Amino acid sequence: MASPPVKQHAAGGTERGPGSPAALAAAAVILALSRAARSFVLYDPGNTLVRQFLEEYQSRARAALDQHGELALEVRPFEMLAAGEVVYRDEDREKSLAFKLFRDGVRRLTLSPSVTWPELLKLLEILAVRCTGVRQQEEDTLTLLRKAEFGGIAVVAVEGFTPAEENPEPELDEQVERARHFQPPAGCDTPLPRLPAPAPLQYRDVPRELLAPLVADEGEGAAAALALSLVRDLIEEGARAGWPTPNPDLNAFLTELRDGLLLGGNLASLRGLVDLLGTLGGSEMRQEMLRGLADARTLDLVLESVPEDAARLPPDLVPFLPLLGMEAALKRLGANPSEARRRLLTQVVLARLPREADAILARLPGFDPRLARDLGRGIAARVPERSLEVARQFLAQGDEGLRLAGLDTLESAPGAVPLKPLCELLRDPSSAVRVRAAEVLGRRGDETVVAALRAALEVGRDVPPREAEAIGRAAAEVAPIAAARLFASWLEPRQRFLRGLSPQQRAQQWAAVAGMGLLPGSPEQALSALAQRSEGELKQHCLATLARRRRTTNEPPSRPE
């Protein structure tokens, strides 16, 4: 493959690429001519790619001649010059177009603006015959060019390739004269000397001092650094030589390299590969690489690169979390992985928030309760505006723990919360859920829920003291005035003759004591009177409420922030 052209300066310095527009146009023509000539040995003449090369050669030649006029190419052993600038260089004698022209005596090739496409095509056929190694034993390039009798193509040549002192060439110009030191040595085109017979194979120890540089280059990141360097060279060469895009071969190599880095746990180098593609390969190549990171196989490689007992994902992997496949991670979670893998997969899934909140919510009911609770809490924490959806899904589940988690989510959800589902939970089969629902109603409800709280104590069943206490506190928090009137009637219920208070009256009395501890004003007198004429648990409940109220009242006000 030809190396990139190098612009020559009089001072001897070098700079990549021709500089003038004329030289750039000439370089494009030579590149198209060389590629078309070489295509004849690689493909059938009727191949679509060959036709593409021919169209490229025709369009570039015509554009260069129309814009810049006559195109004069000076031929050196391994280079071609236009307007004093190197527009082609290839030091491989088997492939170099410049070397084969120079060897056959051609020193200058000039295309005039009047040249026709049949003449350009004939020139291509001649160069293809000589450059592809076909019929080299019959006629050289110069003979074929002269027989063609071109009208728009002029050739300056010498008779054969011989040392200058035996057959001096005509002087072309000052720059060609200064560049004579670029000529190849005499005999460079002769057959290689016969090698001696091979000696018997012998083994010997390599001294440590010779092995030391190799060992130093075999560090942990040496192979990855070499691979990234190769990727950089391939991208630059593809851009210079005009490789077709998208390039399946290059994409296959990059995919294999990506999987190798993942399998080896070399995540830092993988990040370097993605950044390199974004810098040199353009957005299309980078997006192709990132799309590959979203499949299930890549996720498995990522998990394999993390130790089984790791509690958290490696820092180098964090930038890739938004790129890993969400569906693949959710499927792996639903397959009941090990505890360590479940923890890591949960981190992978939550890292896609808030963008993938819908995908997680859709799969939430299918997960086991503990996993669903972790994912739901993660959504509520990172996407607060979706908290009500999480709570709605949790409250609809049959698992008590999920319903309690739904109540926790409702309590901390931003904005207004739906009160009707909360009031319905006061009749839940689980006492823990009923207690928690009353607590959430006390914090997020309003006076409209007092009727539901009162009805929860009139259900015709024994209400546990803890539940009654939660209901009384909730009523005092949402509607103090209405609760005060209600508590007054509950504290002094009408006793039934001989049988005493009913279970419902006892629950109401217990709720009233708990609620009065939160009312404003001075309910201490009523609580003290009830404690004096009561005994057992009710008396202790009254005294504990009084003590808690006095302690709260005597606390100094908190300092404003």
Side-chain angles (χ1 to χ4, degrees), residues 293-314 317-318 320-414 417-418 421-422 424-440:
L293 288 172
D295 59 24
R297 186 169 58 94
T298 302
L299 177 64
D300 292 339
L301 290 174
V302 169
L303 295 178
E304 290 174 6
S305 68
V306 180
E308 183 70 26
D309 58 349
R312 302 193 63 82
L313 293 170
L317 183 58
V318 173
F320 293 102
L321 294 183
L323 309 177
L324 299 178
M326 170 60 73
E327 284 301 319
L330 290 174
K331 287 181 179 179
R332 298 297 184 274
L333 274 174
N336 296 322
S338 65
E339 178 62 24
R341 284 292 176 257
R342 187 192 69 81
R343 186 165 52 248
L344 294 180
L345 283 168
T346 302
Q347 295 180 41
V348 171
V349 170
L350 293 180
R352 302 296 297 272
L353 294 174
R355 186 175 58 182
E356 300 289 353
D358 290 332
I360 302 175
L361 286 170
R363 300 285 294 269
L364 210 57
F367 292 132
D368 66 83
R370 188 163 63 95
L371 177 58
R373 184 171 61 250
D374 292 343
L375 292 177
R377 287 174 176 173
I379 295 176
R382 303 189 186 195
V383 196
E385 60 272 17
R386 310 298 295 271
S387 297
L388 293 181
E389 298 177 52
V390 175
R392 188 179 301 113
Q393 289 206 24
F394 282 174
L395 294 177
Q397 303 304 312
D399 183 79
E400 178 186 285
L402 284 181
R403 297 202 302 278
L404 290 174
L407 288 169
D408 292 342
T409 305
L410 272 182
E411 185 177 16
S412 59
V417 299
L422 278 175
E424 293 175 352
L425 289 175
L426 294 174
R427 299 188 299 272
D428 192 89
S430 169
S431 175
V433 174
R434 296 196 300 270
V435 170
R436 191 74 182 96
E439 292 174 349
V440 176

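All values below come from the heavy atoms of this structure, side chains included, with hydrogens, waters and symmetry mates left out. Being a predicted model, the structure only gives us computed values, none of them experimental. Numbering of residues begins at 1 and proceeds along the displayed sequence.
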Item to complete: Any chance you could lay out the side-chain contact (heavy atoms from CB on, under 4.5 Å) test for Thr346 and Val349, step after step, and finish with the verdict?
Response: CA-CA 5 Å; Thr346 302; Val349 170; 5.8 Å; no

Considering all heavy atoms of both residues, which atom of [X] and which atom of [Y] are nearest to each other, and what is their separation?
| X | Y | value |
| --- | --- | --- |
| Leu330 | Ala359 | CD1-O, 3.9 Å |
| Gly376 | Leu364 | N-CD1, 4.3 Å |
| Leu388 | Ala413 | CD2-CB, 4.0 Å |
| Ala362 | Pro365 | O-CD, 3.8 Å |
| Phe394 | Leu402 | CB-O, 3.2 Å |
| Thr409 | Ala380 | CG2-CB, 4.0 Å |

Is there a side-chain contact between [X] and [Y], using heavy atoms and a 4.5 Å cut-off?
| X | Y | value |
| --- | --- | --- |
| Leu353 | Ile360 | yes |
| Leu422 | Leu407 | yes |
| Pro414 | Glu385 | no |
| Ser387 | Leu410 | no |
| Arg342 | Arg332 | no |
| Val390 | Val383 | no |

Quick check against the 3.5 Å criterion: does [X] have a side-chain atom that pairs as donor or acceptor with the backbone of [Y]?
| X | Y | value |
| --- | --- | --- |
| Gln393 | Glu389 | no |
| Arg386 | Ile379 | no |
| Arg436 | Leu404 | no |

Worksheet item: To the nearest 0.5 Å, how far apart are CZ in Arg434 and CG in Leu426?
Response: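 Rounded to the nearest 0.5 Å, the CZ-CG separation comes to 9.0 Å.
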
Practice prompt. To the nearest 0.5 Å, tell me how far Leu350 CG sits from Arg377 CZ.
Written response: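 Leu350 CG to Arg377 CZ: 12.5 Å, rounded to 0.5 Å.
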
Worksheet entry | Under the side chain to side chain donor-acceptor pair (under 3.5 Å) test, residues paired with Ser431 that sit two or more places apart |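 Side chain to side chain donor-acceptor pair (under 3.5 Å) check on Ser431 returns nothing, list empty.
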
Fill in: Salt bridge flag under 4.0 Å for residues Arg343 and Asp374
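Answer for the salt bridge query: no.
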
Worksheet item: Between Arg403 and Glu400, is the closest basic N to carboxylate O distance under 4.0 Å?
Response: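 Answer for the salt bridge query: no.
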
